[in-house]
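Notes follow once the structure below has been shown.
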Amino acid sequence: MQLFERKSEFRSALITWYLREKRDLPWRRTDNPYYIWVSEVMLQQTRVDTVIPYYERFIEKFPSLADLAVAKEEDVLKMWEGLGYYSRVKNLQSGVREVVEKYGSEIPKNRKEISKLKGVGPYTAGAVLSIAFGVPEHAVDGNVMRVLSRLLLIEDDIAIPRNRKIFEEVVMELIDEKDPSSFNQALMELGATICTPKPRCLLCPVRDFCHAFHEGRQEKLPVKSKKTKVKTIPLTAFAVRNSEGKWLMKQRPSTGLLADMWEFPMIEITGTAKPEEILKLNIGIKLKSIDPLIQFKHVFSHLIWEVEAYLALTKDGAPVGYSFFSATEVDALPKAVPVLKIWDQLKKTEKNTKG
DNA sequence: TATGCGTGGGG
DNA sequence: TCCCCAAGCAT
């Protein structure tokens, strides 16, 4: 107890545990600040196990700031395919280009400057500064808020953005100036492995310091208000093939949902008209035939797509905004998961039809 | 400041 | 099946 009065004892217990128990992760095997940066962006709202293969491939494809800076955006998006939150990687490339052009390829080593880079917010700034450069700065993520809310019995709602600064101030009080990298990572590692939503306090290296454990309230913390239910959007999608065996696709707008990713024609269902009528009306293309292909639900964080996909044939040319692509070309385009679901089903169907 | 932005894993 | 989440940021 009395965490602040026993600061150095707390740091020691936390960091000793971390150095002994930390997971062997790819980005913990490097001191390259660019690699640390890439890993932190990938890890935003994304699980470690999901990130690992993406990180390995990304670093192999773009081994340096310069490589990523000169890469084509479509190649960069392709490496991010399936990882989600696609504007992260567009912002990362913008930030990297800025470092190359304005900072002589040296990532800024203070919060004020590094925070100006695209995609670098309060957490990522602190994480890169502390882990890559040993700067004693806070890096407060969901893990850290959960851990500290229990250690110090902080009952402020962590779902409210402005409350994050409460935790940032606590970290700046507690942080080990000698090893801020280990200190910050230890808090996160503890949250990821021990001080989880269902905490495993018997394994905790700092439970003696924990006010919530002392009062048996660890299960009740952190306080986090619930989100409201999301809206369902019914969509009809069309995989349209022309007489040359090419597929009709378009690129989504460069902002908003699934920015810059490629997709088949899709129409939000409003009335009760037949799918082919809807397609003709909305996109202006006539179909020779149409068959059901696949139905599925895709759940985003803030909405749900209820997709009904059809396989259709046409003799028409591509409408404005659309182009036809060969199967090989479609494979190469960056596509989000719902589109991949349709494309995978399509390839299965084609194979069976041939056989 | 509140909301939009993905995906897949686990209880 | 449903709900919660997981190393947040931009606008």
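Just so you know, these numbers come straight off a predicted model, no measurement behind them. Letters go in sequence order (proteins before strands), and every chain restarts at 1.
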With nearest nucleotide decided by heavy atoms, which residue, A:Ser225 or A:Thr124, maps closer to the 5′ end of DNA chain C?
A:Ser225
Considering only the P atoms, how many Å lie between B:dC5 and C:dA6, rounded to the nearest integer?
23 Å
Can you tell me, in whole Å, how much space there is between the C1' of B:dT1 and that of C:dC9?
14 Å
Other residues, nucleotides, ligands: >12 heavy atoms within 6.0 Å of A:Lys118 NZ
no
A:Leu190 CG to C:dA6 P: how many Å, rounded?
13 Å
Base, sugar-phosphate, or nothing: which does A:Trp80 touch, judged by heavy atoms less than 4.0 Å apart?
nothing
We want to know whether A:Tyr123 and A:Glu40 form a side-chain donor-acceptor pair, criterion being a heavy-atom distance below 3.5 angstrom.
yes
For A:Ser39, which contact category applies under a 4.0 Å heavy-atom criterion: base, sugar-phosphate, or nothing?
nothing
NA contact type, A:Arg28, heavy-atom cut-off 4.0 Å: base, sugar-phosphate, or nothing?
base
From NZ of A:Lys297 across to C1' of C:dC3 the rounded distance in Å is 13 Å
A:Leu92 atom CG is separated from C:dG8 atom P, nearest whole Å, by 16 Å
May I ask you to decide if the ring planes of A:Phe264 and A:Trp343 are parallel, tilted or perpendicular, using 30° and 60° as cut-offs?
tilted
Classify A:Val48 by what it touches in the nucleic acid, base, sugar-phosphate, or nothing, heavy-atom distance under 4.0 Å.
base
Heavy atoms under 4.0 Å, any strand shown: does A:Leu25 hit a base, just sugar-phosphate, or nothing?
base
Any base atoms under 4.0 Å from A:Arg164, or only sugar-phosphate, or nothing? Heavy atoms, all strands.
nothing
Gap between atoms CG and P, on A:Asp141 and C:dC5 respectively (whole Å):
14 Å
Length of the line joining A:Lys90:NZ and C:dA10:P, which is rounded to integer Å
13 Å
Atom CH2 of A:Trp37 to atom P of C:dC9: distance rounded to whole Å?
13 Å
Drop me the distance from A:Ile36's CD1 to A:Ile131's CD1, to the nearest 0.5 angstrom.
6.0 Å
Closest approach of A:Asp331 and A:Lys347, non-hydrogen atoms and distance?
OD1-NZ, 2.9 Å
Taken to the nearest whole Å, CD/A:Gln93 to P/C:dC9 is 19 Å
Tell me, for nucleotides 5-11 of chain B in 5' to 3' order, what letter each nucleotide earns: B for a base near a protein heavy atom under 4.0 Å, S for only sugar-phosphate near one, - for neither?
BBBB---
In whole Å, I'd like the distance from the CD atom of A:Glu40 to the C1' atom of C:dG8.
11 Å
Can you tell which of A:Arg252, A:Lys335, A:Gln251 makes a side chain to side chain donor-acceptor pair (under 3.5 Å) with A:Glu263?
A:Arg252
For A:Arg57 and A:Met79, indicate whether the former's side chain and the latter's backbone hold a donor-acceptor pair under 3.5 Å.
no
